[in-house]
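Have a look at the structure below, then the notes.
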Amino acid sequence: MELEHLNLKIPISNPEQLKPELWNPAFQTWIQDQVCEELLIDVADYLHVPQGPGMMLIGLEADYSLDHTDGRWGLKYNRKKTLTGDNEKRLKDAFKKTLSACERLVKDKNLKGLQFNLKEIEILINDRALAPNTAENRQNFKKELHRLLTKVLINADHEGVFEEDPKKRLGVKIKFKENIQLK
Amino acid sequence: MKVSSELWKEQLKEQIRPDWAKEIEDFETTIALRTQNKVEEKLFAETRLRRGVYGQRYDNGLRHDGIAQKTLNFEEKPGKGPGTVWDAPGMQRIKVPYGGLTPEQMEVIADLTEEYSDGIAHVTTRQDFQLHYIHLEDTPSLHRRLAAVGITVREACGNSVRNVTACPYSGVCPDEKFDITPYAHALTYFLLGHPDVQDFGRKFKPAFSGCKNHACGLTNMHDLGLIATSRIVDGKEKQGFEIYVGGGLGAVPHQAKLLSDFVPLEELLPLTQSIARVFARLGEKQNRNRARLKFLIKDLGIEKFKELVLEERQKLPHDPRWTEMIQEIQSFQESAKRPGGDLKNIPDDADFKRWLETNIRPQRQSGYVTVTIALPLGDITPNQLRELANIVRKYTKDTIRTSVEQNMVLRWISKTDLWDLYQDLKKSQLSQSEAGHIMDIVACPATDTCKLGVASSRGLAGELRKQLAEKAFHMDEAIKDLHIKVSGCFNSCGQQHLADLGFYGVGRKVGNYMVPHFQVVLGGQWENNGGSYGLPIVAIPSKNIPAVVDRISEKYLKERNKQESFQDFIKRIGKLEVKKSLEDLSKAPSFEEDPSFYNDWGDPRVYTTGDIGIGECAGEVVNLIDFDLADAEREVFEAQVLLDEGKSQEAGNKAYWAMLHAAKGLVKTQFLDVKEEAEEIIQEFRKRFYDTELFFDPFAKGKFAQYLFETHQKANQSFNSENAHHTIEEAQLFIEAVHACNLRMSQQINQKK
């Protein structure tokens, strides 16, 4: 199973304090300063759509967003260009990008008080050709993910709940015992 | 190429119509050739536009970030159109003929939205879907996945026949003459890829309406407007269409003119074909600002245009599809899935009751209604689309329509199901009331994604929705019934000329700064298929537009005569009076007093018009022969690939057809109706270009034509690697000679001018 296009989402732990509209100027400064290795292009505001992609920072290789698609606010990293290397490198890269983004947002003085729940993450394979959401693939992904998380994270003890609707993308919501920390 | 692209190609090959599969494959090859600089940039741009692959804001690699204009560091590659960076994400328009969709198609659009775009599917004012921030490399897979469920993106943009739109209530509307759905379907597929619609100087938009008085079809603002009608012939009622031509909005809107008050059904396709031929032949090609049909009709006069169309009709070679397609009418008869009835014991739920008032329309079939799903700014998420697909399956026989008001319409809903349906829609957050009312604002994408956007129409529309929603509880019904439409520039994609309150974006300099403004457009008529167009009266800073809406609507409420419509009220008090009442709102405070006026809605950057680019609405003017030559070049390239794979026979045949297609392109400059038959192409080419020596190179004379004739004589030959190789070389030389001949002919025409 090739993890070419991963989506990672880390939930916000204090959504009651969230002011989604403030993420627009925050993302604009990311573009001004081109803070990532990835090319950042524009901000798209979809806050008017219920349970939508929220506020998006559109990039060439990947998008970052204040996502609300599953009814929970969180930072989502959506890799659009193919992730290179083997699966371990791909997952590690995606984790790095996501965690760096969370860190940057927490430090943003205009988003004061923002907190992420680093004990949880959602991982989706955003490619129905490579990873259709079948029972067999769920089983394979479970094994592969267990292997990869052990290699990538300091403490990978986790429990995962897989998306079982075959029309939705192959994905899992994971709870860790400790905060996510890359090796 | 991505691994998944190959997988989709393989997985879907049995599910795609062969001709559509070929088109997608050709497009994929053309993309590859462009990366190698083997396809001219302008030609590539028009080729991708004709597959709905559209440029987007910042694709010139420049963006003003609020401080300065910055270069976006895209990798240096050949452009995908003049001034357009290869890797810059773009928009994919998905044509949805007459807005009709099945649940399966909705689910595929949901999947594509998730996997390739920014996660929002956007319904347009012409019943299409648009996905934004798409990577060019993903488009062939996207096209295949759509084609596998019966959707083609062919001719979704560019100088072609755009989506055929139609009233979403056709077949169920109590006021229609008859159901126009089968005719919209027939016209769509008759014109799709038709040789007579490939050589336009600009786009051509058709629209159908089942009646004259409602707004749903907006036939008056279309290049071709078709309204269902009937007349008594020999004591029997005969169905047909009133045909209008030359309508259009844009910077200077034109009302369509009546071409014929009755055209029988069997004449619909041939007459449209004749109109297309006259437009292709006489329409402006060089000056894109005067290239729409409306200008040709203005120049010729409607009577002369009509005369030319009728003359053309007489010359048309018969096409059996004219009547065959009409005979398929029965297959379009929609019916109910569930037994009809009445809604009894209406639950005491205020939101439900309001939804019943605003989103439900009666059908002519007793016991059934239509239900409008109001989408905020035309946007819907993939999850909502999938859930809606299940709702469509549950309550209807698998059909739904998009509307020109950027909503979706369920038909054949049993009244007995309304409460359950409402609950299901509510779970998916699709039960918003106020469909077609003041809060249901239509807006084009403008500065969010469009290269031409001057001010943020979606930002303004979103703000107006928010503010109006807060006041909705106390709002008078007369105000609730008004229509607001917003465009980000004068090009009218938001149809502001047809609204009660229309707005379009303009920039104004205040001191040393630019301030986003909107022109206030009043006097438009939504009813009667867009019966009259409003005019701009004053430019107001964008941040004052909510106050403009309040002030005008309050004035209307206070000063109107009993039952006076908004349009009649404006007419009576006069635009000067309205303008005066807005005078104080037309001035922006200085930057120091209120800097918020110097940002646009939903955009914290200091406002600038520096991001405006060159639009692609007009497409690129490419002569018909350029397409044939591009096809020929692609084929000769494919022949090389086949030869490399050891498939000599296929390689030789492919090279032979590459020559034939190049020759056909040349023949079409004189004789458009040449058939896709080798013998006819050869005969016509010989007669018109060889015997006349038009094709003769000043030095090589007729040498390259001989390559074609000789290969044709041996058409059934066996190819080995050697003679296939020769044929490929000869084909390449022949294609070059066609290019040269075409160039000589163009130079001669220019010299004569």
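For the numbers below, each heavy atom of this structure counts, side chains included, while hydrogens, waters and symmetry mates do not. Lettering follows sequence order; numbering is per chain, from 1. Please read these numbers as outputs of a predicted model, since none were measured by experiment.
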Using a cut-off of 6.0 Å, state whether more than 12 heavy atoms not belonging to B:K77 lie near its atom NZ. yes
Turns out that what part of A:L130 lies under 4.5 Å from chain B's heavy atoms comes down to both
| task | Determine the interplanar angle of the A:W30 and A:Y64 rings, folded into 0 to 90°, and report it as parallel if under 30°, tilted if 30 to 60°, perpendicular if over 60°. | result | perpendicular
Closest non-hydrogen contact found for B:P546 with B:L460 is CD-CD1, 4.3 Å
Turns out that what part of B:D59 lies under 4.5 Å from chain A's heavy atoms comes down to neither
Under 4.5 Å to a heavy atom of chain A? For B:E114 that would be both
Given B:Q11, B:K466, B:R458, B:R465, the one with more heavy-atom pairs under 4.5 angstrom with chain A than any other is B:R458
Under 4.5 Å to a heavy atom of chain A? For B:Q429 that would be both
Quiz item: Does A:E120 use its side chain to pair, donor to acceptor, with the backbone of A:K173 at less than 3.5 Å?
Solution: no
Whatever's closer than 4.5 Å to a heavy atom in chain B on A:Q32 counts as both
Item to complete: For atom NZ of A:K177, decide whether the heavy atoms of other residues, nucleotides or ligands shown that lie under 6.0 angstrom number more than 12.
Response: no
Among B:D138, B:N383, B:I120, the residue with the most heavy-atom pairs under 4.5 Å to chain A is B:I120
| task | Give the ring-plane orientation class for B:Y422 versus B:W355, where under 30° counts as parallel, over 60° as perpendicular and anything between as tilted. | result | tilted
Checked A:T69, A:D127, A:I58 vs chain B; the most non-hydrogen pairs under 4.5 Å come from A:I58
Answer key: most heavy-atom pairs under 4.5 Å with chain B among A:M55, A:K168, A:K167, A:M56 is A:K167
What one should report as the nearest heavy-atom pair of B:Q384 and B:S428 is NE2-O, 3.1 Å
So, the part of A:Q51 with a heavy atom under 4.5 Å from chain B: the answer is both
Under 4.5 Å to a heavy atom of chain B? For A:H48 that would be both
Shortest non-hydrogen pair, B:K543 vs B:S596, comes out as NZ-O, 2.9 Å
**Asked** So, do A:K9 and A:D70 sit near enough that their side-chain heavy atoms are less than 4.5 Å apart?
**Response** yes
Okay, A:L124 and chain B: the region with an atom under 4.5 Å from a heavy atom over there is neither
Turns out that what part of A:D67 lies under 4.5 Å from chain B's heavy atoms comes down to neither
Counting heavy-atom pairs under 4.5 Å with chain B, the top scorer among A:I31, A:I41, A:N78 is A:I41
So, the part of B:Q432 with a heavy atom under 4.5 Å from chain A: the answer is neither
Whatever's closer than 4.5 Å to a heavy atom in chain B on A:L60 counts as both
With A:Y46 as partner, the option from B:T381, B:D118, B:D448 fulfilling side chain to side chain donor-acceptor pair (under 3.5 Å) is B:D118
>> Does A:E37, at its CD atom, have more than 12 non-hydrogen atoms belonging to other residues, nucleotides or ligands within less than 6.0 Å?
In response: no
If one checks every heavy atom of B:Y58 against chain A at 4.5 Å, the contacting part turns out to be side chain
